[in-house]
Amino acid sequence: MERYEPLKIEQKWQKVWEETKPFKATEKPSTPKMMLAEMFPYPSGAGLHVGHVRNFTIVDVLTRFYAQQGLNVLRPFGYDTFGLPAENYAIKTGTAPQDVTKTNIANFRKQAKRLGYAIDWSREINTSDPEYYKWTQWCFLQLYKKGLAYQKESYQWWCPVDQTVLANEQVENGKCWRCGHEVEKKKMKQWFFKITEYADELLEEIDNLEWPEKIKTMQKNWIGRSTGAEIGFEVVGGAPHITVFTTRPDTIYGATFLVVAPEYPGLDALLTDDTREKVLAYKAAALKKSEIERQENKEKTGVFTGSYAINPATKAKIPIWVADYVLSGYGTGAIMAVPAMDDRDREFAETFSLPIVETELCDRDKFGTPKTTYRMRDWLISRQRYWGCPIPIAYDSEGNPHPIPEDQLPVLIPEVDDYQPDNSGRSALAKATDWLKVNIYNEATGQVEEMTRETDTLDGYACSSWYLWRYASPHDKEAAWDQDAIKYWEPVDYYCGGDHAVAHLLYIRFWCKFFADEGYLPFREPIKRLLYNGYINAPDGKKMSKSKGNVIDPLDVINDGYGADTLRTYEMFIGPYDQDAAWDTRSVGGVYRFLNRCWTLVFDKNANVLSRSIRDDGSVRSEEPRNDGRDEAFRDKNVSVRNRTIKKVTEDIHRYNFNTAVAALMEYINELYKVGAVEEDLITLAKLLKPFAPHLASEMLEKLGANDEWPKWEEKYLASDTVEVVVQINGKLRAKLTVDKSDLENEDKIKELALADEKIQKYTANGIKKTIFVPKAKLLNIVV
RNA sequence: GCCCGAGUGGCGGAAUUGGUAUACGCGUUCGACUUAAAAUCGAAUGGUGAAAACCAUAUGGGUUCAAGUCCCAUCUCGGGCACCA
């Protein structure tokens, strides 16, 4: 007897797909398109994990579903390859990140192919490929030309022992992750993208997106628009006046002191000989404070500057303090403190015995000018790292930046021997001394000059801020993306991921709006629908991690004999796609049994179950062949189950209820095992199964000689000839009636039948108050 | 602290518009097949109870003919933000 052998079937179909390339996409102007993508992975050395499989399979189910419905689908794939793990590995071992990346991509590709994904493999992209990052640099230059890429002095984490800049995630409890020494903030010139320029549109367009509410709320909070006013305070003694931002200009009569942030630019002018030493010491200490310390220790600290300001409302002379509870990056870096109204100001006033004055409110616009501010800051994009996209800038002898001309792109990453950043705070790119020198035309002097290249690289998020558009024409040598291809394929219809709720998904919206303004994109939002999938945790409910030893390797699940179809279907069945779920190895077996039953129904003529059906009296009618000409009644019964299943699976996929779609297929096959199947059932089953288990379904369809066109249901077949009507007494189920379909709307008839029922009569002996009939719910409620 | 979610059998979960609570799967039990085991197939499976019936969707109220679903309060868990003036 033949058996279901997933590995054999899967190998066969993967070979077929490798040769026939059924998902190679081309623009077909007369066919509706559908573009789907997952958040492209960072190809780590560990290979695919079960979270990738869930993420990719969601996209795959939708891709195949729409392809089977006749849409022209594009489902590309790519790799987000710049980043710290490859660089750290390089520092440790001296292996070039280029080589490690190449190996990891090959492994990822091989594994993704073993899962049978409907990918157009001709569109693979890789952010560290010079063919790709040439255009990342081009994007940077467009932003630079419009003044949206600019330099500014900014405080960075700095490890004084390792003499290097550290990223936020490399600072652990205020200490350097490598040497353990306390880190400090160092003022350095950094590159920024001016995302705040688009703050209003980014905020206002959120409501129009078909995205999960959770993500929309997070983005709104992140942008954090608040409206208020800026109010100028004159400083006694002639120092420049201080402008504060407040959302409550109406409380100005209660402002009894001002507070500026330690980093406040005009701080020096406020100091007196008596206070200078103390204030500067406070400032130095504040700069040393780690984020963690600032978060954990919210006790108010501060120092009096020695200066006073005049409250424009009360004309009172009020002291100016410096305190780290005022943030330099928000508003103007200075506030008016109204301790009677604001909890933080009150706490500060109480700590330092400053006056608290209860106050009447005044007109909001009386003393200030209306002003809107945002929590969102400009996007800091320079990284002092080797393994990133070089910023296409060079500096003349006076330190002025000049863009590398577009015809000299890409600025290639130079080869170096040592990947450790150098002690000037520059990336390892600074070690490529020849590479550093470049001849550029200087407009100011009108001469070609030797300049020095920028050694910072771009934040990886820059590389992923335009990759969805590259998919439209991934090998284009003339442009970042082709206008016709973009017009046809994009914006992306479905984008699926489980991370980057704010950063990546906000940055890509920002770039989209910018390039739309520049005329390069015909839309202002890059992603129509976002699916945000949950994590898959270990069987113990905890996060999977190597150190805990609770990692489930998807390739092990396949190779253990379950196969890719079981793995895919299991991960869709595990629970609602947007919720976290815990791996359950035994449930994987349940899904395997389900697929095995599908296989058996089509291929194993000898299985005794196939020859069974149930007689009207409930007994099993055995030894009957399966696909012969069954009698009419039998066929009608199957027609109704079949149509209901088609409807349920179709609608569930439309709603992303993949778990209940699989459950509906399980119900269907359970029913077929009970009553028997006609050929149309087998074909329908295979077609509906294909998005989840494409190898097995292809094998079934081949055997049945059928295509994979998505089946349609007809409403008229959904109900069988008789329907069950529920009879309630006071809302509680007491009896079930079987009535003819044609009588379902007939209230009198159903009432008559109900009242004739023995069980119901027990309750109606003392009369009936009223009845409620709900034909849609097939329900009659009798109130007694 | 603030803003979102969520709480249903032994377990993961279903219930789409207020209308048969517990679909589907796991686990468990029993049976068939087998010398036996595995695999496969079939049956049962919220609790109490002999049964009738009663009680069950975190807890306590409410609205309704009817509440897992709506309203009010409380508890618990998860996520996000966190001195943003």
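Everything numeric here is computed off the predicted structure, so don't read it as measured data. Any value given below was found using the heavy atoms of this structure, including those in side chains, with hydrogens, waters and symmetry copies removed. Every chain is numbered from 1 and lettered A, B, ... according to where its sequence line falls, protein lines coming before strand lines.
- Note: CG (D584(A)) to P (C11(B)) measures 13 Å, nearest angstrom.
- The E667(A) side chain lies nearest to A23(B) when the options are C54(B), C83(B), A23(B).
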Watson-Crick or G-U pairs under 3.5 Å in RNA chain B, rendered as dot-bracket with [ ] for crossing pairs and | for another strand:
(((((((..(((......[....)))((((((.......))))))(((....)))..(((((..]....))))))))))))....

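- The distance between atom CG of N659(A) and atom C1' of G13(B), rounded to the nearest whole Å, is 8 Å.
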Review item, side-chain donor-acceptor pairs of residues 723-733 of chain A, under 3.5 Å, at least two apart:
residue: N730(A); atom: OD1; partner: V784(A); partner atom: N; Å: 3.0

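- At a cut-off of 3.5 angstrom, the base of U20(B) holds no donor-acceptor pair with the side chain of K732(A).
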Stepwise side chain to side chain donor-acceptor pair (under 3.5 Å) test for Y763(A) and R734(A)
CA-CA 9 Å; Y763(A) 295 93; R734(A) 294 299 177 189; 3.2 Å; yes

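- The minimum heavy-atom distance linking W379(A) with Y461(A) is given by the pair CZ2-CB, 3.6 Å.
- Atoms CD1 and CG, from I574(A) and D580(A) in turn, are 10.0 Å apart once rounded to the nearest 0.5 Å.
- Under 4.0 angstrom from either OP1 or OP2 of A85(B) there lies at least one side-chain N or O belonging to S226(A).
- Listed pair K762(A) / A53(B) meets the phosphate criterion, a side-chain N or O lying under 4.0 Å from OP1 or OP2.
- R586(A) places its CZ atom 11 Å from the C1' atom of G12(B), with the value rounded to the nearest Å.
- In this structure, CD1 on I772(A) lies 10.0 Å from CD1 on I782(A), to the nearest 0.5 angstrom.
- For K300(A), the side-chain atoms get nearest to C83(B) when compared with the rest of C83(B), A66(B), A21(B).
- A donor-acceptor contact closer than 3.5 angstrom is absent between the side chains of Y656(A) and D578(A).
- Summarising the geometry, the separation between CD on Q728(A) and C1' on A21(B) is reported as 12 Å, rounded to the nearest angstrom.
- For the residue pair S587(A) and Y570(A), no side-chain donor N or O sits within less than 3.5 Å of a side-chain acceptor on the partner.
- Following rounding to the nearest Å, Y673(A) (OH) and C41(B) (C1') show an atom-to-atom distance of 9 Å.
- Residues Y535(A) and G498(A) come closest through the heavy atom pair OH-O, 3.4 Å.
- Listed candidates were A66(B), U16(B), A85(B). Nearest to the side chain of T247(A) is A85(B).
- Between E197(A) and I195(A) there is no side-chain heavy-atom pair separated by less than 4.5 Å.
- Contact record, H241(A) with V235(A): CA-CG2, 4.1 Å, taken as the closest heavy-atom pair.
- Within the 4.0 Å cut-off from OP1 or OP2 of C26(B), at least one side-chain nitrogen or oxygen of R593(A) is found.
- In textbook terms, a nucleotide whose glycosidic angle is within 90° of 0 is syn, and G9(B) is one such case.
- Nearest approach of E230(A) to T332(A), heavy atoms of both residues: OE2-CG2, 3.5 Å.
- Rounded to an integer number of Å, the gap from W321(A) CH2 to C83(B) C1' is 17 Å.
- Contacts between residues 567-581 of chain A and RNA chain B, counted as heavy-atom distances below 4.0 Å, involve F573(A), I574(A), P576(A).
- If you take CD of E230(A) and C1' of A85(B), they are 13 Å apart, rounded to a whole angstrom.
- Remark: the K769(A) side chain and the C65(B) base include no donor-acceptor N/O pair separated by less than 3.5 Å.
- In this structure, K152(A) is positioned above the aromatic face of F192(A), its NZ or CZ under 6.0 Å from the six-membered ring centre and within 45° of the axis.
- Inspection of the D681(A) and Y668(A) side chains reveals an N or O donor paired with an N or O acceptor under 3.5 Å.
- Shortest non-hydrogen contact noted between I760(A) and A754(A) is CB-O, 3.3 Å.
- If you take atom C1' in U20(B) and the same atom in G61(B), they sit 27 Å apart, rounded to whole Å.
- Of the residues in residues 330-337 of chain A, Y330(A), I335(A) come within less than 4.0 Å of RNA chain B through at least one heavy atom, sorted by number.
- At a threshold of 4.0 angstrom between heavy atoms, the contacts of R734(A) are confined to the sugar-phosphate backbone, with no base atom among them.
- Of the two residues near RNA chain B, M218(A) and M666(A), the one whose nearest nucleotide lies more 5' is M666(A).
- Non-hydrogen atoms lying under 4.0 Å from RNA chain B are contributed by R375(A), all within residues 363-376 of chain A.
- Nearest-nucleotide positions on RNA chain B for Y592(A) and K770(A) put Y592(A) closer to the 5' end.
- The minimum heavy-atom distance linking M336(A) with I231(A) is given by the pair SD-CD1, 4.3 Å.
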Identify each donor-acceptor pair in which a side-chain atom of residues 244-262 of chain A lies under 3.5 Å from a protein atom, sequence neighbours left out, and give them as a table.
residue: T246(A); atom: OG1; partner: R248(A); partner atom: N; Å: 2.9
residue: R248(A); atom: NE; partner: D250(A); partner atom: OD1; Å: 3.2
residue: R248(A); atom: NH2; partner: D250(A); partner atom: OD2; Å: 3.3
residue: T251(A); atom: OG1; partner: R248(A); partner atom: O; Å: 2.8
residue: T256(A); atom: OG1; partner: P355(A); partner atom: O; Å: 2.7

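- Here the separation of C72(B) from A53(B), taken at their C1' atoms, is 33 Å to the nearest Å.
- For G25(B), the OP1/OP2 oxygens have a side-chain nitrogen or oxygen of N670(A) closer than 4.0 Å.
- In terms of phosphate contacts, N221(A) brings no side-chain nitrogen or oxygen within less than 4.0 Å of OP1 or OP2 of C4(B).
- Nearest to the side-chain atoms of S587(A) among the listed nucleotides G19(B), C26(B), A85(B) stands C26(B).
- The CH2 atom of W583(A) sits 15 Å away from the P atom of G13(B) (whole-angstrom rounding).
- Looking at the side chain of T660(A), the nearest of the listed nucleotides A23(B), A43(B), A85(B) is A23(B).
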